Structure formats: C-alpha cells, structure tokens
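Below: one structure, written as structure tokens.
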Amino acid sequence: MADRTCLAIVLAAGEGTRMRSLRPKVLHGLGGKPLIAHALASMANANAVAVVIGPGQEAVAAEARKLLPQVDIFVQAERRGTAHAALAAEPAIARGYDDLLVAFADTPFVTRATLERLRAPLGNGTAVAVLGFRATDPAGYGRLIVEGNHLLAIREERDASETERGIPLCNAGVMGLDGRVALDILRQIDDGNNKHEFYLTDAVKIARAKGFDAVTIETEEDEVRGINTRAQLAQAEGVLQQRLRAAAMEGGATLVAPETVFLAADTKLGRDVTVEPYVVFGPGVVVEDGAVIRSFSHLEGAHVGQGASVGPHARLRPGARLGAKTRVGNFVEVKEATIEAGAKVPHLTYIGDARVGENANVGAGTITCNYDGAAKHRTDIGKDAFIGSNSALVAPVAIGEGAYIGSGSVITRDVPAGALAVGRGRQVIKEGWAARLNAKKQAGKKRAHASD
Ligand code: UD1
Ligand code: CA
C-alpha cells in the first residue's frame, strides 16, 4: 500500500451556522490552531490535498495555503451536499490517484493511522471504505447497514426507517475510494432523497451496484467527534487538553496541577520541566530541560532555555528567547527579545525588541521604550551590565558591557562599556522646608479669621 498514491479532499464549504460566528467555523481555534489545521495535519501521508471552500471563504483558503503551500483550493459555488462538494475537486481527482480520501475539516481528531487503515482495503475489488463508529447517541448520523464485514448502504437519518434508526453503527464522515473508479461513482450520485442533496454516502450503494465491494473500518467515537457548536468546540478542547497534558507528563514534565495548565498542540516541554498551577501556553512554545514555569504565566511563540525560571505572573510574547539559567520574574513582559544565559529580569519590567546580554541584571521597573509612536527600535544591553531600578531605556540605545545605569534613569544615548550613566535630575534638598510650609499655613488661617 505504501506505494499507492493518494489524494485527500477536505470539505470545508459548510456555513457553520450553529457557531453563530462571523468567522468561518473551521478557523475557530482548538489547541492553539484552527480546526482546519488539525484536519490537514492528519493528511500528511497524502501525495496531494484539495480543500473545498464555500464562496467568499478566502480566509479559509489562506489558512490552508499557509499550512500546505501546495494545496489545491476549490470553491463549491452552491452547497448541494457532500458528494457535490467532493466533485468540486474533480480537476484534482481527474489527475488520477490510486486512493481518494474524503474527510471533513470540522472533524479534528482523526489520526493518520486511522486514515491508513481506511486506505488499506482499497483496490482489489473494494471501491469504498467508510470509517464507522458506535455512537452513544446516533441521532443525526448516517447509519451503516452491514452484513458481516461488508457495507451494504449508508442511510441518512432522515431517510432511515424505524429499524434502521436503531442501528448504533454510524458513519464518521470519512471515506476512502479507489481512485480508478471514484469519479465514475461520484458522478452517478443524484439528489433523490429527502433533502435533495447529493450525498457522498450514496457512493456505497453505487459501488455495490457496479459490482465492487464496500467495507467499514471501525474506530472510537472520541476520534471522530465533529464540531458544530461552540459547546462542542469547548468539549473537544477539553479532550485535547487532557491528551496534551498526559503526553507532556509522559515525556517527563511535572505538571503540578495538570487540569489548570493549558497547552497548545505544538507545545514542547523538555525533561524535568516543572509547570506550576495555572499556566497558559499559546502556540509555538519550547521549554528546555529543567526549566520552571511558575504560576499564572502566559507564554506564546517563546523559547525557554535549560534551567530557566519564568514567573510567577510572567508574560512571554512571540520572539521571547530565554537562554539557559535565565530568570524572568513576576510581572515581566518579554517580546521579540533575547535574554542571554544567566541574565536576570526579576520583576516589573518590559523588555521588547532587545537583547539582554549574558549575566546582565535588569532592575525592577525597567522599561525598554521601544516604540516612538511610529516605529519600533532596539535596545542592546551588554554582558554583565547592571540596570538600576525604574530606568527607561529609550531605543535605539546600547548599554555597553559591564556598564551601570543609576536607578530612575532615562537613558537616551549609548553608554560605553564599563561606564556609569545616571540620567535623572539632581536631587535637591531644602532643610527645614516642611516647618516653613506649616508656618505659612498657620498664618493663612489667622488672616481668614480676622476677616470673618
Ligand atoms: C454527514 C454524513 C453522515 C455522517 C455525518 C458525520 C453525508 C450525506 N452524511 O452528515 O452520514 O454520519 O456527516 O458527521 O455525507 N459540506 C460541504 N458542502 C456541502 C455539504 C457539506 O462542504 O454542500 C461539508 C461541511 O462543511 C461539513 C461536511 O461536509 O464539514 C459534512 O456536512 P454536513 O452537512 O454537516 O453533513 P451531516 O449532515 O453531518
Ligand atoms: Ca455535520
């Protein structure tokens, strides 16, 4: 089978009305990436992938292209059923592949392994393989009418008889077809049903009428859950989070309270990483071995080096790169900045568009003023530099190696290596000033009485 070629068609033309959203359903996020990205990821073994979108769903096409630059996009002009949607990809099918897979973009958990199982029986006289599952509540699903291993027909709920509705074995919506006969079969499907739609599921009876076999491959219900509503999306998120947490722990990370930690599908946690309760990982985070992520931290697009300590209450935004044994403490935000090995940014600081050199120490309340209202500028802090508390580093600016910045400075010019820079007004002392102020107040009161 490994040498059979495969075209996967992902149907995404649905309106997703039940989401009540301005955004196309398949662009809603699950584990930090859009639903369609999950569907496309499971198609990794296919030689070509086609996505069928609805009119005006350019955003869906753009997302698909971002993930798979080679993807073929087809627009189904009118929503006339799943077979009609599959045929929108006819030019791709006509290129000729050994296997054809048709799947839905709103069914995120189907695995590559399952798709391989579905492809396995194709050819050798088997024209159709349908993914089936035993539904706890079969309502709304197409029922699989089987005889032993053979699939005789799929009956949509609204076309099913009372007895057929009693069948628990349901169509998951994923179908494999022998590429040599797929077009023939799809073209013969008509809309002679209650909904006047072209049902992909009719491929089964047509294949059989042509003398081919059809089979069903069973899988778990959890794998084939489709997302139609926001409640189902939240449920799916719950299922995914449980898996991600389990995998993270399996991989050697400690999650002190796993149910409070939210991971993205691509989060990478090294060995002996500790994640304290209530931490959120957005997409694109790598945490290396032995690092500690303390409570209430939020990370996305960030790299945390070996043995680093982050938080509590830290925010790492895209482009934050923390070297080994660095410390980014409470109420610190880091964006598009490298904190080199051993450097410390312990509290109340914003580091954006910057480099903090090795073993440098950035005092509480330091701000890199990276934005002048028009453009972003960089701050470069040299190795071993010491930035006094509550300093504003006005970018573009460079602090030399080992330089000292006095607390409360506003630094607008580069500071040479090893220098001390103090950028604040001189402190003024007026001895006895408070007593003089009080005397003035008393005098004022007496004048007020006198004029009563
Ligand atoms: C479909 C199956 C049903 C199965 C169920 C599993 C058919 C006829 N029925 O029913 O047997 O149990 O899925 O969830 O296939 N789509 C388009 N264009 C269209 C129509 C649909 O792109 O014209 C896409 C939708 O975006 C969606 C998918 O196809 O992703 C399924 O369509 P939907 O209308 O939800 O089918 P179901 O009625 O759920
Ligand atoms: Ca559906």
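Numbering of ligands and ligand atoms starts at 1, following listing order. Only a predicted model underlies this, so the values are computations on that prediction, with no experimental measurement involved.
Inter-residue side-chain proximity for I9 and L100 is flagged as met; some heavy-atom pair is nearer than 4.5 Å. L118 has its side chain out of reach of V130: every pair of non-hydrogen atoms, C-beta onward, lies at least 4.5 Å apart. Two residues are said to be in side-chain contact when any heavy atoms from C-beta on lie closer than 4.5 Å; D178 and Y97 fail this criterion.
By the side chain to side chain donor-acceptor pair (under 3.5 Å) test, D372 pairs with H377, sequence neighbours left out.
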Under 3.5 Å, which donor-acceptor pairs link side chains of residues 320-328 to any protein atom two or more places apart or in another chain?
from: R321; atom 1: NE; to: T338; atom 2: OG1; distance (Å): 3.1
from: R321; atom 1: NH1; to: G319; atom 2: O; distance (Å): 3.2
from: R321; atom 1: NH2; to: T338; atom 2: OG1; distance (Å): 3.0
from: T326; atom 1: OG1; to: G323; atom 2: O; distance (Å): 2.8

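Polar contact with ligand 1: absent for G140 (N/O pair, distance under 3.5 Å). For a threshold of 3.5 Å applied to N or O pairs, the pair formed by F104 and ligand 1 contains no separation below that value. For ligand 1, one of its N or O atoms has an N or O atom of Q76 under 3.5 Å away. Between G173 and ligand 1, no N or O atom pair is found at a separation short of 3.5 Å.
In summary, the atoms of ligand 1 found under 4.0 Å from a heavy atom of E156, numbered by their order in the structure, are 2 (C), 3 (C), 7 (C), 8 (C), 9 (N), 10 (O), 11 (O). Of all the atoms in ligand 1, the ones that sit under 4.0 Å from a non-hydrogen atom of A85 are 17 (C), 18 (N), 22 (O). Close approach of ligand 1 to G142 is summarised as follows: ligand atoms under 4.0 Å from at least one heavy atom of the residue are 3 (C), 4 (C), 11 (O), 12 (O). Near R79, meaning under 4.0 Å from one of its heavy atoms, ligand 1 places the atoms 16 (N), 18 (N), 19 (C), 20 (C), 21 (C), 23 (O), 25 (C), 34 (O). Listed by number with element, the atoms of ligand 1 under 4.0 Å from a non-hydrogen atom of L11 are 22 (O), 24 (C), 29 (O), 30 (O). Every atom of ligand 1 with a heavy atom of G14 under 4.0 Å away is listed here by number and element: 22 (O), 25 (C), 26 (O).
Under 4.0 angstrom from ligand 1, there are no non-hydrogen atoms of E197. In A172, the part holding a heavy atom less than 4.0 Å from any atom of ligand 1 is the backbone. Residue A13 touches ligand 1 through backbone and side chain together, judged by heavy-atom distances below 4.0 Å. At a heavy-atom cutoff of 4.0 Å, ligand 1 is contacted by the backbone of R80 but not by its side chain.
No side-chain donor-acceptor contact under 3.5 Å links E340 to the backbone of G357. Between the side chain of R245 and the main chain of V261, a donor-acceptor pair closer than 3.5 Å is present.
Among T107, V224, N171, the residue whose heavy atom lies nearest to atom 12 (O) of ligand 1 is N171. Considering only non-hydrogen atoms, atom 7 (C) of ligand 1 lies nearest to T82 out of T82, V51, D106.
Shown here is K205, whose NZ atom has no more than 12 heavy atoms of other residues, nucleotides or ligands within 6.0 Å. Taking a 6.0 Å sphere around OH of Y278, one finds it holds 12 or fewer heavy atoms contributed by other residues, nucleotides or ligands. Environment of CZ in R165: crowded, with over 12 heavy atoms of neighbouring residues, nucleotides or ligands closer than 6.0 Å.
The shortest heavy-atom distance from G81 to ligand 1 is under 4.0 Å.
Cation-pi geometry between R243 and F109 is satisfied (NZ or CZ under 6.0 Å from the ring centre, within 45° of the ring normal).
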